Amino acid sequence: GAGKEPQFLPGKQGRIAHCSGADIPSGVNGNVFCGCHLQVLTAGQRHPCRGREQQGFIERFQPLLKHLYLALEAQTRYALGELSPALDNLSVYASYAYVNAEIREKGDTYGNQVPFSPKHKGTFGVDYKPGSWTFNLNGDFQSSQFADNANTVAESADGSTGRIPGYMLWGARVAYDFGPQMANLNLALGVKNIFDHAYYTRSYDDNNKGLYAGQPRTLYLQGSMKF
């Protein structure tokens, strides 16, 4: 979000994430997360971000006001050439995100995991960049998740509920940069899901229940130019 630090006003306590939003409506109490870090605010407090009308804010985030999201995110990259000249142009990188999303509405599902919210996600990879070439090997993973508030483990007959297994995918990419003499043309050839791992998620739409298959092994060609 952007803008000045908010001023606290009297009201019930709640949470809202930094994102492009408006004011927290007076009397609203709950927890909202929309992709960035959480900040404790009070109902009636002006949100520091701009760009969304208050009514739209209420309509879009009302379903989330009884959820609690606690998040941790980290990323790193290291050039291995610092260890030995033989490893010049070689680097490794990784990122990790932990999100503990819990239902906070009183009832039988209190404390359960929010549907379609895996706790663990991450990426890691290796880059090798000799001259104008770039060679990359990468992996990404995410943990299991649920499709309903009850955190049902067994799969239903229509495929709409049940635990969704986690998965790990591998990819590779090779690219060549032709430099400024050719408008910085860059061509790349890559493959996603190298081992053709079968994975799936479930439908978010109650009117179209069932499983959605993940992307199979896919070859792609990519190009870009700068003017």
Side-chain angles (χ1 to χ4, degrees), residues 1-2 17-20 33-37 49-52 60 69 71-99 101 116-145 147 159 164-205 208 210-227:
H18 274 295
C19 60
S20 57
F33 180 76
C34 49
C36 310
H37 65 277
C49 304
R50 310 182 187 93
R52 182 179 296 137
R60 183 170 180 179
Y69 291 75
L72 173 67
E73 188 174 31
Q75 58 182 354
T76 185
R77 176 180 285 271
Y78 187 76
L80 298 179
E82 297 182 10
L83 300 176
S84 168
L87 299 177
D88 278 349
N89 306 315
L90 191 65
S91 62
V92 294
Y93 62 90
S95 67
Y96 171 73
Y98 170 80
V99 178
F116 301 103
S117 179
K119 286 189 176 182
H120 308 278
K121 283 187 176 183
T123 63
F124 48 89
V126 179
D127 282 334
Y128 179 53
K129 297 183 178 182
S132 298
W133 289 94
T134 299
F135 300 90
N136 171 263
L137 177 66
N138 61 82
D140 65 88
F141 68 91
Q142 74 172 39
S143 61
S144 62
Q145 53 190 313
I164 305 170
Y167 58 84
M168 179 174 177
L169 305 176
W170 291 92
R173 183 177 181 270
V174 57
Y176 186 82
D177 191 344
F178 290 86
Q181 67 274 16
M182 294 188 65
N184 293 305
L185 174 65
N186 184 282
L187 295 179
L189 177 66
V191 56
K192 298 179 180 180
N193 195 1
I194 293 176
F195 301 106
D196 202 23
H197 178 67
Y199 64 103
Y200 66 88
T201 186
R202 299 190 188 278
S203 174
Y204 292 80
D205 184 357
N208 296 286
L211 304 179
Y212 288 161
Q215 185 177 11
R217 181 190 299 119
T218 304
L219 294 173
Y220 65 91
L221 180 64
Q222 190 176 52
S224 65
M225 298 181 72
K226 295 180 181 178
F227 298 96

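It should be emphasised that the depicted structure is a prediction, and the values quoted were computed from it without experimental measurement.
Residues Val191 and Thr218 fail the side-chain proximity criterion, which asks for heavy atoms closer than 4.5 Å. Between Tyr128 and Ser91 the shortest side-chain heavy-atom distance does not fall below 4.5 Å. Two residues are said to be in side-chain contact when any heavy atoms from C-beta on lie closer than 4.5 Å; Tyr212 and Ser203 meet this criterion. A heavy-atom distance below 4.5 Å is not found between the side chains of Met168 and Tyr199.
Distance alone, capped at 3.5 Å, is enough to place a donor-acceptor pair between the Ser143 side chain and the Lys119 backbone. Judged by distance alone, with hydrogens and angles left aside, the side-chain atoms of Arg173 form no donor-acceptor pair with the main-chain N or O of Ala188 at under 3.5 Å. A side-chain donor-acceptor contact under 3.5 Å links Arg217 to the backbone of Ile194.
Taking the ring centroids of Tyr98 and His120, they lie under the 6.0 Å cut-off. A ring-centre distance under 6.0 Å is found for Phe124 and Trp170.
Interatomic distance, Thr123 OG1 to Gln75 CD, rounded to the nearest 0.5 Å: 8.0 Å.
The residues Arg77 and Asp127 are annotated as salt-bridged, a charged nitrogen and a carboxylate oxygen being separated by less than 4.0 angstrom.
Donor-acceptor pairing under 3.5 Å is recorded for the side chains of Asn136 and Tyr93.
The ring-ring contact (aromatic ring centres under 6.0 Å, His included) check on Tyr176 picks up Trp133, Phe178, with sequence neighbours excluded.
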